[in-house]
Number of protein chains: 2
Amino acid sequence: MTAPRLLDVAAAAGVSRATASRVLAGTPRNVDPDLARRVEEAARRLGYRTNHSARALRTGTTGTVGVVVPSLANPYFVQLADAIAQQVRAAGGQLVVSDAANSPAIEAEQIETLLSGRVDGLLVVPVSAAASGPAVRAAAGRAPVVLFDRWAHGSGTAAVTLDNAAAMRLLLDHLEGLGRHRIALVAADQASSSGAERLAAFTAARGAGAATVLLPSFTTDAGRTAGRRIAARRAEVDAVVCGADVLAVGLVSTLQRSAVSVPGEIAVTGFDDTELLELLDPPITSIRHPLADMAERALALLQGPAADRTESVERFAPQLVVRASTDADAHP
Amino acid sequence: MTAPRLLDVAAAAGVSRATASRVLAGTPRNVDPDLARRVEEAARRLGYRTNHSARALRTGTTGTVGVVVPSLANPYFVQLADAIAQQVRAAGGQLVVSDAANSPAIEAEQIETLLSGRVDGLLVVPVSAAASGPAVRAAAGRAPVVLFDRWAHGSGTAAVTLDNAAAMRLLLDHLEGLGRHRIALVAADQASSSGAERLAAFTAARGAGAATVLLPSFTTDAGRTAGRRIAARRAEVDAVVCGADVLAVGLVSTLQRSAVSVPGEIAVTGFDDTELLELLDPPITSIRHPLADMAERALALLQGPAADRTESVERFAPQLVVRASTDADAHP
DNA sequence: ACAGTGTGGGAGATCGATCTCCCACGGCTC
DNA sequence: GAGCCGTGGGAGATCGATCTCCCACACTGT
């Protein structure tokens, strides 16, 4: 029992393949309503499904968008991919997600794989601001590419990101408003634009001598390392801003093991507003990204004219979500 | 600048398309090494990439495997998808992951989308043992489908799962060996085969009257609900087995908020061995699935003869990972 | 030297849907 | 009533890679 083809549907409905195609693919062309009904009926009866390879070959489009994220082990990127998937599906498309394992080399491979005739366009959350540029630029020469959440030098394409500087100001204003002035930053992954921008904004606001703990990567484990260092200097610090939720979670659990009270002795904030934050007691204050808006904009750029994709960075406004890790009276 | 086709490569190398195809697609056929080098050189020079739609149309295969998981919000399924992705990539293929949002209806849609000419085969982690069957059976009639991690009634295909009964025995033996005898189960999602099997195994071992808390879904929030109920009955319980890590994490954090010491007063175990478990103090004892082996087997079934995919369940041996939530002396 | 054998290469058919013509037909104008 | 136009449908070309032949040539054994 071989799968029915358009030809079979056309024969069953007593029309030509062209007409059947016009009906089923929704080509903008008037077809006699009566014939249309017959075609649809026949398609349903035979259980016809359009062969996507054939359609893609003929039309040159696949209806699929790809996204490459640094690592799905970080729940923030899962959430991000999900936000994009919602938008893509709403538009009748499909999303393919790839994981770059935090390596620019693997990232380049994933981009290459997705781009060779499998997707119409690509969103990339670049692993590194410096090292990801060339691969993205090469990709952008072959198909529409838009950077998401982070940018990369020399990418040659547009980026849709969070306004990290504004986010940092929100956090610092919030903490200072609560009377916290000895604020330390736990920053990770300076190679990424988001990591670098968050550090730069902190330094700009607090002065070059401000306390910072720099870590290699956005992982819970790095957060625990930071926790040990902060605990050792607990007398000098009354608040810690973490550059990512995964860091904050590791940090808070380590601080608590060292009997440092949060927020009593040290207030802590995260960044990204993932579900992880609700796990601990206290839940952690964080920054929410307007992911739905960002995804909508990125997809519009992807599908719009190439002229709109010149190298640039578009920044979206963050939102502060206050929880008990900074303000014990914040409602749960 | 239009993309180079096989024809262009062949012309540049001074051979026919057939020969160029034999070289680049690796058809099992002898080609003069000298010609082969010329073809490869030309392909590289022109920046040729094979058009996957055309290849797929002609060969009828896409080199892509799909997997549908109940929800990527549960980190266990992210981990599971990653294990499958590793195996698929090692075999030179690509994996497409879809999220069923814990709904059999959306699951059926995702299966349908993936199956219409986009994947060679499909792995499904069915949302529900009862409700997922029909959609899976329909899919299995059109392409190779194998169930993963869970099974579904009337699916008409093979399933590769964990031996949940053995896992439950490992946990109970471990707890009883530590002198814990007033053990409660926190079970969720009885609609899924894994949820149901874990409950059944617990009841079989501890008797029908054994304490259980039943919850609708595998979420952290459900874990917190369970935590409140267990805390209210703290005198009757000295150990809690959770049917999933996300439950255990919610449970432990809630118990600690109620000043119940873990494991001092109540020992707690998870299920699935996700990274979440390292977040809390104490880290939580759990069950590790042999995901790499399971993925290897599932893919072998997918690519093997249809006769091997008659409805059946193959169970893999679990592994107990002891952490401080049951045995305070276990090393970190 | 010749039929037989084996090896490597090419011409053309093929996968299935869509797109580009072109044609038939009915209604309209003057 | 003849020419025009607009509408709807069909035949065939097309997308790009692979597969199925079949042919040319070199080498073998008698």
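Everything numeric in this text was worked out from a predicted model, so none of it was measured. These numbers come from the heavy atoms of this one structure, side chains and all, not from hydrogens, waters or symmetry mates. Numbers restart at 1 for each chain; the letters A, B, ... are given by sequence-line order, proteins then strands.
In this structure, A:R38 atom CZ and D:dG8 atom P are separated by 16 Å, rounded to whole Å. Taking atom CG of residue B:L7 and atom C1' of nucleotide D:dC15, one finds them 13 Å apart after rounding to whole Å. Distance A:R49 CZ to C:dG16 P: 16 Å, rounded to the nearest Å. As rounded to whole Å, 9 Å separates atom C1' of C:dT18 from atom CG of A:L6. In this structure, the CZ atom of B:R55 is 13 Å from the C1' atom of D:dC19, given to the nearest Å. Going from atom NE2 of A:H52 over to atom P of D:dG16 covers 20 Å, rounded to whole Å. At whole-Å resolution of the value, CZ in B:R118 and P in C:dA17 are 14 Å apart. Atom C1' of nucleotide D:dA17 and atom CG of B:D8 are separated by 13 Å, given to the nearest angstrom.
One donor-acceptor pair, N or O on each side, does fall under 3.5 Å between the base of D:dG10 and the side chain of A:R22. In this model, a side-chain donor or acceptor of B:R17 finds a partner on the base of C:dG12 within 3.5 Å. Interface remark: the B:R58 side chain does not form any donor-acceptor pair with the C:dG16 base, using a distance-only criterion of under 3.5 Å.
A sub-4.0 Å separation between OP1 or OP2 of D:dA11 and a side-chain N or O of A:S16 is absent. OP1 or OP2 of C:dG10 sits under 4.0 Å from a side-chain N or O of B:T19. Distances shorter than 4.0 Å separate none of the side-chain N or O atoms of A:N30 from OP1 or OP2 on D:dT7. Taking only side-chain nitrogens and oxygens, B:Y48 comes nearer than 4.0 Å to OP1 or OP2 of D:dA17.
For the pair A:D293 (side chain) and A:P290 (backbone), a donor-acceptor distance under 3.5 Å is absent.
Side chains of B:S132 and B:E107 form a contact here, defined as non-hydrogen atoms less than 4.5 Å apart. Counting only heavy atoms from C-beta outward, the side chains of B:R309 and B:V146 approach each other to under 4.5 Å.
Nearest nucleotide to the side chain of A:A25, out of D:dG9, C:dT18, D:dG16: C:dT18. For B:A18, whose side chain is taken as the heavy atoms from C-beta onward, the closest listed nucleotide among C:dG16, D:dG10, C:dG10 is C:dG10. Among D:dC15, C:dA17, D:dC19, the nucleotide with an atom closest to any side-chain atom of B:T59 is D:dC19. Picking from C:dG10, D:dG16, C:dT18 the nucleotide with the shortest atom distance to the side chain of A:L57 gives D:dG16.
Using a 4.0 Å heavy-atom distance criterion, A:A56 is classed as making no nucleic acid contact. Within the nucleic acid shown, A:A20 has no heavy atom closer than 4.0 Å to any nucleic acid atom. Heavy atoms of A:L24 sit nowhere under 4.0 angstrom from any nucleic acid atom.
In summary, the side chains of B:D149 and B:T161 do not present any donor paired with an acceptor at a separation below 3.5 Å, with no hydrogens or angles considered.
Salt bridge annotation for B:E41-B:R45: present, with a cationic side-chain nitrogen under 4.0 angstrom from a carboxylate oxygen.
Considering B:V125, B:L123, B:V124 as possible partners of B:L147, the one that fulfils the side chain to side chain contact (heavy atoms under 4.5 Å, CB included) test is B:V124.
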